[in-house]
Every structure is written in structure tokens, then in C-alpha cells.
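Shown next, in C-alpha cells, is the structure this report addresses.
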2 protein chains.
Amino acid sequence: MATGRTHRPATRSRGIPEATVARLPLYLRALTALSERSVPTVSSEELATAAGVNSAKLRKDFSYLGSYGTRGVGYDVEYLVYQISRELGLTQDWPVVIVGIGNLGAALANYGGFASRGFRVAALIDADPAMAGKPVAGLPVRHTDELESIISDNGVSIGVIATPAGAAQQVCDRLVAAGVTSILNFAPTVLAVPEGVDVRKVDLSIELQILAFHEQRKAGEETTPAPAGAPRADLAARPAAQPRAAAAGTSARKGPDGEVPAVMPA
Amino acid sequence: MATGRTHRPATRSRGIPEATVARLPLYLRALTALSERSVPTVSSEELATAAGVNSAKLRKDFSYLGSYGTRGVGYDVEYLVYQISRELGLTQDWPVVIVGIGNLGAALANYGGFASRGFRVAALIDADPAMAGKPVAGLPVRHTDELESIISDNGVSIGVIATPAGAAQQVCDRLVAAGVTSILNFAPTVLAVPEGVDVRKVDLSIELQILAFHEQRKAGEETTPAPAGAPRADLAARPAAQPRAAAAGTSARKGPDGEVPAVMPA
DNA sequence: CCATCTTTGTGCACGCGTTCACAAAGGCAT
DNA sequence: ATGCCTTTGTGAACGCGTGCACAAAGATGG
């Protein structure tokens, strides 16, 4: 998972569970693909496979939206595309601004997945004066000074932050002050925002770290004949005082806990 | 959430809950920042604030790793950095390959957050022969033909897919066949992988769609219940199926451009 | 050594999300 | 119509994750 909501305890918007909302775009993508192949109807089983989820979950998700299927037949693809799009708010146009036009910001600006889903890049903003006016993805980069006017002039309510971590909070504050109420944050920082502002974050390195955890575990399993179930065996082996924390550098020695085998994939 | 695991029902690795694992990188980031400021110890309350979570949750998360704190004092920053790094498998070096060197792939290659966390970009791979040899982020782009040899030569077990959606599954298959067992997928597709291979996905447009949902809801709450709608022509048309979808269109919404005319499915 | 104060570690309860399993609903053939 | 077959929609059970609240543990000062 590259993201998660910050604050706000899952308000259960209109009775639609947060987990379901997060899957709707997935269904929409699968349905769009079917639509392009002119498939008229689809069963929950087929669609679930295409979306990579379980069919019971899919049916329950759809049941929160209404009874849009036909028993014995399935779901009408076009109709469902429309209903989900409407529910997600994609039947209207959302102008967004991208702040921080470095490598990532430029990639986002060029990303085709936005425009095709009702998101329109209203402006690209960067703090570097040297960037100002330079065309990226067909749009001239604007300077940060213009941030407030761009937002109010275009009625932007969604902002994307792709700046370095150090600048993110400041940019966030200005976006919020100018009227933005939803923020997609790519900077590796926790953003503080007032009540009523939604923040979602995408941290590329966090995803890799989670993969590394599982990868390490996989490697450890095949090289260690140790029994699988050894819950909390390491509790007693912990040193009482804080030892000198060995530098977590490249030395892949095992930790102070003698029990845990050092996992070294050959 | 920008991501989620594909298949595999949360194996509860070594008794550490998946949700906890997903937060460890967050703690690590906050701790690293403290470490750089030479802060010796930190309380669960302080660290929780810095990481953007609740302190009880943080303490419970740490309790899965062991008793690494000192009551009445808090946690030793350096020690905790080491313990979490070790748990995540970051005390060793993970060579990764990035496949698909378009805008996003190049951005990823330049992203500093990888190298600083034990991830080393072993190679950049692209299918376009014109890209071959061109330096990106200091590395020459290699052609897809070399994929298998690069992976086995470098012992790569983690692959990043940043190709167009159409090529993703094929690339994935080749990565897996060559020995990769963890994949970070940026392509907007569901990848099918054999048992034992982990896939995490990051979909930029999905995040925006989730934000749009909440944004629409926020807008609908503050304005009068006018069934506002959608200036998107491509979705306005609705197939004449299911005539009894009674539950449709009770939501009110207001676009960022102000009130918008109602477009109800006829 | 003892009292006090701080902060951890966790037992417990609650709520959300997932999954199972099946009755109800509709299509279709006869 | 009637009966069979397919697939939806959902009630109910279960498990995971979260947050509360507090006892235990250790530091600190007298």
C-alpha cells in the first residue's frame, strides 16, 4: 500500500465503507476495459477475477451502491461504469495543480491516467525561477508566487505535492489557505492539515521496504529449518540496558538478539 | 491507499501483523529524522506525533518486535532505528531493477529515497532499442533482451515495473521466471503471479479517484441538495437497461467551478 | 532504601472488513 | 405456466485492527 489516510477516522461516507471506496476505482478500470471490448454484461465472478478480488467482496461492495445487477445474468457493463463513475465523482471535471516539477512532478504531469479519468491538470507550479515558463507536458511551469491566484482562478480543490520533503508542509499550508481541500502527497513527510482537509500519501520507498520485509522472510524460511510457530520466543533474550546501537549500515550482522538467525540469501 | 497486496491473505509473518509492518517504515523515517538531530531518546507520544499515528498503536506495534523501550524514559532512538531496520531487512543490500524507463521509470531511477534505505538500483531496463545505452540517473539503460542475465548476475529479487499497462504482465512473467519474487507494480493492471511471489501496486490515478470521492461528498454536504451533475459528455449517456434503479442520483454535488447543471441518467 | 512520578506494555472491548453460505430473483426452455 | 438453472444480494460468523485504560516497571529525588 502506498498510501493511507491521514487523520479522520473513516467517516463512513454515505454508508459506503472506506475499504469499498478504495476498490471502486479498481472495478472501474476493469469495467472500462470490458467496455472497450464491447462486452455487454459481466458476472461478479468474472469481474472479480479481472479486478483481482474475491467475488463475494465485489458483490457486497456493489450492494452498498444499490442493486445494479440482474440475477442469473450479471451486471450491465456500461451501466455499472456510469454508476461507479458517478459515485466516485468522476462525471465532473476536477482541475488539479501539481506543485514541485522535478522528475516525479514531470512524470505525473505526463501521466495519461489522469486526464482519462476526469482529472485535468490546471497548472504546474515550481519554486525554481529557472523553471518558470519552461513547458512540461505541454504546459508552461508557473512560479510559486502565482499559487494562490492559480487556485482561486481555476477553482482548484485538489492539489498534488511532489516537492522535496522540506518544502512539503509549507506548500501544503499555502494550498489549504488558498482553498484546496484534498491533497495527494508524494513527499516523504507527515502533513499537518486542518479539519476537513483530506490527505492521501504515496511513498515509493515505503512500498519497497514492505516488500523487503517479506522478501527477507521468504529467504529466511528456505534457509532455516526452524519450526514455523515460535511465537514471541525472543522476548526473554533482550538486553536490559540500551546497548551501543551498531551502525545499521551495510554490515549485515545479526542483531543483539542471539536467537534470531541472520538471514543472508546466498 | 495507493496499494494493497495482491492475493495472499496476510500471512501474519512471524506474528507481526501486516498493518504493523506497513507502519514500520513510517516509524523508521521519523526515527531517522530524530537521529540526524542527535536526539537520544523519544517517548511513544512524541514519536507517534512525528509519524502521524496514535501513541497506543505505536506502542502496540513495537510490542510485536519486542520490549525495546524503557519505562519512564522512552525509546533509545539509535537502538530502535537499528531494530526496525533489521526487522524490515534493511540491514542488507537489496539490488532492484526498474523496467520501463519512461517518465515515471526515470523519476524512480532518480529518486533518492531508495539508495538511502538499502535499495540499490542494479539496472534500468527498457524495451525501446533507442533507449539502450542512454544514461539515466547515471546508469546506462539496458535492453529487455538482457533482463534475464541482469537478474541472475546481480541476484536481483525485487523488480519495479513502470511500463505501460499492456506490457506489464509479460514483463512480470519474465521477471518471475528469472527469479524475482517481489514486484512493485506501477502499471495500472492486475498482475497474475504464481504462489510465493509478492506484488504490491501503486496506482496514481486510483488515489486521485478516492480523493475525488471525498471531495464530491464534501461539496455535496455544504450546498443545497441540488442533484448537480456532470459536464462530461463521455459518461452522460446511459444505456437503457435496468429501468428500476430507483436508488440512483440522490447525491448532491457541486463542482469546483461552482454549481453545475444537473445531468441525470434519463 | 523508599516514595513518587513518568512512560511503557498489554488485557480487553469494540467496530470494521472479509468470507461463507444460502435464499430470493430472474432468465430460459419446455 | 411451470420447473430448472444461474447468479445476485445479504444475514451471520469470524478475525483483524484499533483505542482505552491501567497495572507494572523503571527512573529519579530525597
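Small disclaimer: the values here were computed from a predicted structure and weren't measured. Here is the naming used below: chain letters follow the sequence lines, and residue numbers restart at 1 for every chain.
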Q: May I ask you to evaluate whether A/Ser44 reaches the phosphate of D/dT8, defined as a side-chain N or O under 4.0 Å from OP1 or OP2?
A: yes
Q | Separation of atom CD in B/Glu46 from atom P in C/dT6, rounded to whole Å | A | 14 Å
**Q.** Pairwise distance CZ(B/Arg23) to OG1(B/Thr20) - rounded to 0.5 angstrom
**A.** 5.0 Å
(Q) Please evaluate residues A/Leu208 and B/Trp94 with respect to the criterion side chain to side chain contact (heavy atoms under 4.5 Å, CB included), reporting the C-alpha separation (whole Å), side-chain torsions for both, the decisive distance (0.1 Å), and the verdict. (A) CA-CA 10 Å; A/Leu208 272 188; B/Trp94 293 104; over 6 Å; no
Q: Map A/Val73 and B/Arg59 onto DNA chain C by nearest heavy atom, then report which one ends up closer to the 5' terminus.
A: B/Arg59
Q. Can a side chain N or O of B/Tyr75 be found less than 4.0 Å away from OP1 or OP2 on C/dG9?
A. yes
Q | Separation of C/dC5 P from B/Glu45 CD (nearest whole Å) | A | 20 Å
Q) Counting side-chain heavy atoms from CB outward, which of D/dT18, C/dG9, C/dA23 is closest to B/Ser63? A) C/dG9
Q) A/Thr70 side chain N/O closer than 4.0 Å to the phosphate oxygens (OP1, OP2) of C/dG26? A) no
Q. Quick one: the side chain of B/Arg71 and the base of C/dT8, do they pair up donor-acceptor inside 3.5 Å?
A. yes
**Q.** Between D/dT10 (C1') and A/Asp61 (CG): distance, integer Å
**A.** 13 Å
Q | Between P of C/dT10 and OH of B/Tyr68, the distance in whole Å | A | 13 Å
Q. Out of A/Tyr68, A/Tyr75, A/Tyr79, which residue meets the ring pair (Phe, Tyr, Trp, His ring centres under 6.0 Å) rule with A/Phe62?
A. A/Tyr75
Q: Look at the side-chain N and O atoms of A/Lys60 and state whether any lies under 4.0 Å from the OP1 or OP2 oxygen of D/dT10.
A: no
**Q.** For atom CD of B/Glu18 and atom P of C/dG17, their distance in whole Å
**A.** 17 Å
Q.
Let's see if you can work this out: which of C/dA24, C/dC20, D/dA21 has an atom nearest to the side-chain heavy atoms of A/Ala56?
A. C/dC20
Q) Taking OH from A/Tyr64 and C1' from C/dC16, how many angstroms apart are they, rounded to a whole number? A) 9 Å
Q.
Rounding to an integer number of Å, can you tell me how far B/Lys57 NZ sits from C/dT7 C1'?
A. 20 Å
(Q) Please report the distance, rounded to the nearest Å, between CG in B/Leu58 and P in C/dG9. (A) 10 Å
Q. Is A/His214 close to A/Ile210 at the side-chain level, that is, under 4.5 Å between some pair of heavy atoms?
A. yes
Q: Check the pair B/Leu47, B/Leu34 against side chain to side chain contact (heavy atoms under 4.5 Å, CB included), reporting the backbone distance first and the verdict last.
A: CA-CA 9 Å; B/Leu47 184 54; B/Leu34 290 172; 4.2 Å; yes
Q: State which of D/dG19, C/dT8, D/dG9 makes the closest approach to the side chain of A/Ser67.
A: D/dG9
